[in-house]
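I have placed the structure first, in the form of structure tokens, so that the comments after it can refer back to it.
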Amino acid sequence: MSVRVRFAPSPTGYLHVGGLRTALYNYFFARHNNGKLILRIEDTDRSRFVENAVENLLKTLTWAGIEFDEGPHVGGPFGPYIQSERLEIYRKYANVLVESGWGYYAFDTAEELENARKSSPHHEFKYDRYKMRNQFTLGEAETKRLINSGVPYVIRLKVPENQQIRFVDIIRGEIIVNTKDIDDQVLLKSDGFPTYHLANVVDDHLMRITHIIRGEEWLPSVPKHILLYDAFGWEVPAMAHLPLLLNPDRTKLSKRQGDVAVEDYIEKGYFRDAFVNFIALLGWNPSGDREIFSVEELIEKFQLEKVNKSGAIFDVVKLDAINAKYWYSKPIDELAEMFSYWVEKRGFKGFSNEYLARVVALLRERVKKLPDIIDFAPYMFERPKKYDSSDLKKHWSNNVENYLNDILNILKSVNEFTHQNIHDEIMKYLNEKNLKLKELIHPLRLAITGLSYGAGMFETMEVLGKDEVISRLEEFLTNVLPTLSNKS
RNA sequence: GGCGCAUUCGUCUAGUGGUUAGGACACGGCCCUCUCAAGGCCGCGGCAGGGGUUCGAAUCCCCUAUGCGCUACCA
């Protein structure tokens, strides 16, 4: 039997990084086994409807490089792949359950349930089918009458009293749960929509899903699902429950403690392949010391059995480190093209991709991701707004003004403004004056960039260009240096 | 409260009865150096605790502790 897996998110408006990992593992597993990957939208909660959520999801999934064989956007033999468009199917199967005695009607209102919960100590409430308002307490005739007169109802699962349910999770091994700990789950809500449990089981069966790969938060629900498969007489798919992605405090990854939407990380400038690489290795790794893998390698090496059991903290510092390792795997003009997005977004206009390419080449090894270049070296896009000489006192000579004036003249005389030529001319001058480079380069850096750190000064000047460098140096000598000298 | 799952350096992890418990990130030091990085070298740092099983346990079993998840007409 050929492998069929699915990624089944609810459309919340963005893709959670945990969701991305689940999608990735499904994708790796499908490709590794020459199987099919299905996208299914689980939008059975009408109160959580979000406009354009499916489009956003697809856009982000596409960014990550995940391709689906079936789904709302590509079709497939078992469509529609949006649950809100499949309501008739769930209703039909809910009725099958009622007829076979596995499901029953219940009429309790939200208030009644809430009161029952309140009056039970320590959250010990369990739905008692022999006390609440339902088919068992009301009788067949009354039940029929209420339904015919349009009273809202739900259909609940009649869970066996005291029965061991056992199943094998590919990642965790055998798990045993007693049905006495399971509530009579609502399957069909009073608005006619199914709950997750019903829709999920019905769709996974109908869509011929062979392996369910999803987050660990679903593990406690598996017995309910097994009861449903049994009730329908269906085969239970293989299951693999992935460990959770965690906040630094080890709680389930959530907003509040940082960004959880993949879109946030795209916007921060992480490379697609670096981000995928990082996420893929959170909770799984193919053994060994390597940690940089292409998507093709991840697919080739992926094994569900090797997925870890315990949760992994989403550590941005590590993500930054991985991202930085991807600098040299990308053509410089591709980087410039990407970079132009952030440059313009920060309000800097009119820079050619050729210039941006030189800026990226000059500065990439000093930062972790593309947009960081702007914060690290704003002077590549605008004149220094202020000059911070506080770190430079130790390199400050009394003759700085004279030296810089000489340098200005030297720079003016350099015809071909390459870093090599600039270097040679300045070194010649230093030799004549018997000066060391470090006595001059720091004041010069301050004059040109306003900062005390940055890429190599000769290279920086080359990229900035002769006119700009000279202009900045003149500005510094006439307007800035006098004020600095007075202070020091 | 109940049920379930988990537990190797601060973090991500390798490890499946015999290893000086390995790597990466972070951190500290040194080298390099025009600063900041990058790079190179060195270092710091871990099997949650207690019982077993075994000639021998990070690896197998039990208990405890801790953490997390679930416990909705949310997924």
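Numbers restart at 1 for each chain; the letters A, B, ... are given by sequence-line order, proteins then strands. Worth knowing before you read on, the calculation uses all heavy atoms, side chains too, and leaves out hydrogens, waters and symmetry mates.
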d(CG, Asn178(A); P, C5(B)) in whole Å: 13 Å
Which of these nucleotides, G23(B), C34(B), C36(B), is closest to any side-chain atom of Phe458(A)? C34(B)
If pairing requires Watson-Crick or G-U wobble contacts with both distances under 3.5 Å, which nucleotide is the partner of A38(B)? none
Do Lys318(A) and A26(B) have a side chain to base donor-acceptor pair shorter than 3.5 Å? no
Just checking Ile175(A): base, sugar-phosphate only, or nothing, at a heavy-atom cut-off of under 4.0 Å? sugar-phosphate
Parallel, tilted or perpendicular, as decided by the 30° and 60° cut-offs, for the rings of Tyr127(A) and Phe125(A): perpendicular
Picking from C25(B), C36(B), C12(B), which would you name as closest to the side chain of Ile313(A)? C12(B)
Measure from the side chain of Asp181(A), starting at C-beta and using heavy atoms only, and say which of U35(B), C3(B), C73(B) lies closest. C3(B)
For the residue pair Tyr196(A) and Trp218(A), does the interplanar ring angle fall in the parallel (under 30°), tilted (30 to 60°) or perpendicular (over 60°) class? parallel
Mind calculating the distance between CD1 (Ile292(A)) and C1' (C25(B)) to the nearest angstrom? 11 Å
Given that both distances must come in under 3.5 Å, which nucleotide forms a Watson-Crick or G-U wobble pair with C5(B)? G67(B)
Of A26(B), A24(B), C34(B), the nucleotide closest to the side chain of Met457(A) is C34(B)
Can you tell me the base-pairing partner of A58(B)? Count Watson-Crick or G-U wobble geometry only, both distances below 3.5 Å, and say none if there is no partner. none
Look at the rings of His225(A) and His197(A) and say which category their plane angle falls in: under 30° parallel, 30 to 60° tilted, over 60° perpendicular. tilted
On RNA chain B, compare the nucleotides closest to Asn308(A) and Arg48(A); which residue's is nearer the 5' end? Asn308(A)
Phosphate OP1/OP2 of C73(B) contacted by Arg156(A) side-chain N/O (<4.0 Å): yes
Could you work out which one of G4(B), A72(B), C70(B) sits closest to the side chain of Pro220(A)? C70(B)
Among the nucleotides C68(B), A75(B), U7(B), which one has an atom lying closest to any side-chain atom of Ser310(A)? U7(B)
Pair Tyr326(A) + Phe271(A): ring centers closer than 6.0 Å: no
Out of A75(B), A38(B), C34(B), which has the shortest distance to the side chain of Asp45(A)? A75(B)
Measure from the side chain of Asn285(A), starting at C-beta and using heavy atoms only, and say which of U13(B), U11(B), G69(B) lies closest. U13(B)
Separation of A6(B) P from Arg250(A) CZ (nearest whole Å): 15 Å
Per Ala312(A) side chain, nearest of listed nucleotides A26(B), A75(B), U13(B): U13(B)
Phosphate OP1/OP2 of A75(B) contacted by Thr44(A) side-chain N/O (<4.0 Å): yes
